[in-house]
Amino acid sequence: MNRDGRRSKQSDNDDHQEEQQFQQLLGVHLDEWDRSMQPDIPSVESITKLVREQKKELGRRHMRELLLFWLVSACVLSGLLLLWVSSIAIFVAVQILAFTAAAVFVMLFIVKGREGRRPKWSDGK
């Protein structure tokens, strides 16, 4: 390079010669390798089949989760009903504890939500 940052003609010629040598030695092989690495383009039918299978699997997963939700809900409600019949004082204590835990969770969620909305550059005021 010259003092002003330009490349000399000699170095440009050297680069051009190196490129030509590289193409002569490896150019054909690299082109063959590139052609062999081309991925097959899937057909529309195969993509449609894949989408149908994924939707079917997603529907099965949602049904399984819904069934599990109803099963757990029935167990919890049955337990609370039995607790209410056997001891109303323990039932009230459990309800107060559950309400308090839910309130704390909501408050923490609100506080964390406010922190997340604040711009990172702000000082928090």
Side-chain angles (χ1 to χ4, degrees):
M1 285 195 179
N2 295 339
R3 280 189 289 173
D4 59 356
R6 294 184 193 157
R7 297 180 77 177
S8 68
K9 289 182 182 183
Q10 180 65 30
S11 65
D12 286 341
N13 286 337
D14 290 344
D15 288 344
H16 185 63
Q17 287 176 352
E18 286 179 15
E19 185 178 339
Q20 284 180 345
Q21 288 175 350
F22 180 79
Q23 286 296 329
Q24 287 173 352
L25 291 174
L26 297 175
V28 175
H29 300 290
L30 286 176
D31 290 339
E32 288 177 16
W33 187 53
D34 284 344
R35 280 192 297 276
S36 71
M37 299 300 279
Q38 291 291 331
D40 293 332
I41 298 173
S43 65
V44 175
E45 293 83 23
S46 65
I47 293 175
T48 305
K49 182 180 175 186
L50 181 67
V51 169
R52 273 193 215 119
E53 290 172 0
Q54 291 293 325
K55 282 184 178 182
K56 198 180 292 185
E57 178 62 31
L58 189 63
R60 276 184 265 176
R61 194 175 331 145
H62 285 166
M63 282 303 232
R64 189 172 47 238
E65 288 176 0
L66 190 60
L67 180 65
L68 184 63
F69 170 76
W70 282 106
L71 184 64
V72 169
S73 299
C75 289
V76 168
L77 290 175
S78 298
L80 287 175
L81 182 63
L82 288 173
L83 189 61
W84 184 26
V85 169
S86 66
S87 174
I88 193 80
I90 295 175
F91 175 77
V92 169
V94 168
Q95 291 297 314
I96 290 172
L97 182 67
F99 179 75
T100 305
V104 167
F105 178 76
V106 167
M107 289 300 172
L108 289 175
F109 184 72
I110 289 172
V111 168
K112 187 172 181 158
R114 286 185 184 162
E115 289 175 359
R117 282 183 266 145
R118 185 179 304 132
K120 293 184 186 222
W121 48 266
S122 112
D123 60 357
K125 294 181 182 176

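Both backbone and side-chain heavy atoms feed into the values below; hydrogens, waters and symmetry mates do not.
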*Distance in Å, Leu97 CG paired with Ile90 CD1, rounded so as to fall on 0.5 Å steps*: 13.0 Å
*Sort out for me which residue in Val72, Leu67, Leu66 forms a side chain to side chain contact (heavy atoms under 4.5 Å, CB included) with Trp70.*
Leu66
*Indicate yes or no: at least one non-hydrogen side-chain atom of Leu58 is less than 4.5 angstrom from one of Lys55.*
no
*Spatial distance of atom CZ (Phe91) from atom CG (Leu81) [nearest 0.5 Å]*: 8.5 Å
*asked:* When you group the ILVMFWY residues by side-chain heavy-atom contacts below 4.5 Å and let the links chain together, are Phe105 and Met107 in the same group?
replied: no
_Ile88 with Val94, same ILVMFWY side-chain cluster at under 4.5 Å_ = yes
*Approximate separation, where rounding is to 0.5 Å, of Lys49 NZ and Glu45 CD*: 11.0 Å
*asked:* Going by the rule side-chain hydrogen bond (donor to acceptor under 3.5 Å, both in side chains), which residues pair with Asp31 if we only count those two or more places apart in sequence or in a different chain?
replied: none
*Is it the case that one hydrophobic cluster holds both Leu25 and Trp33, taking links as side-chain heavy atoms less than 4.5 Å apart, direct or via other members?*
yes
*With hydrophobic residues grouped by side-chain heavy-atom distances under 4.5 Å, do Trp84 and Leu80 end up in a single group?*
yes
*asked:* If I compare all heavy atoms of Ser43 with all of Ser46, which pair ends up nearest, and what's the gap?
replied: O-OG, 2.8 Å
*Taking side-chain hydrogen bond (donor to acceptor under 3.5 Å, both in side chains) as the test, write out the residues that go with His62, two or more places apart.*
none
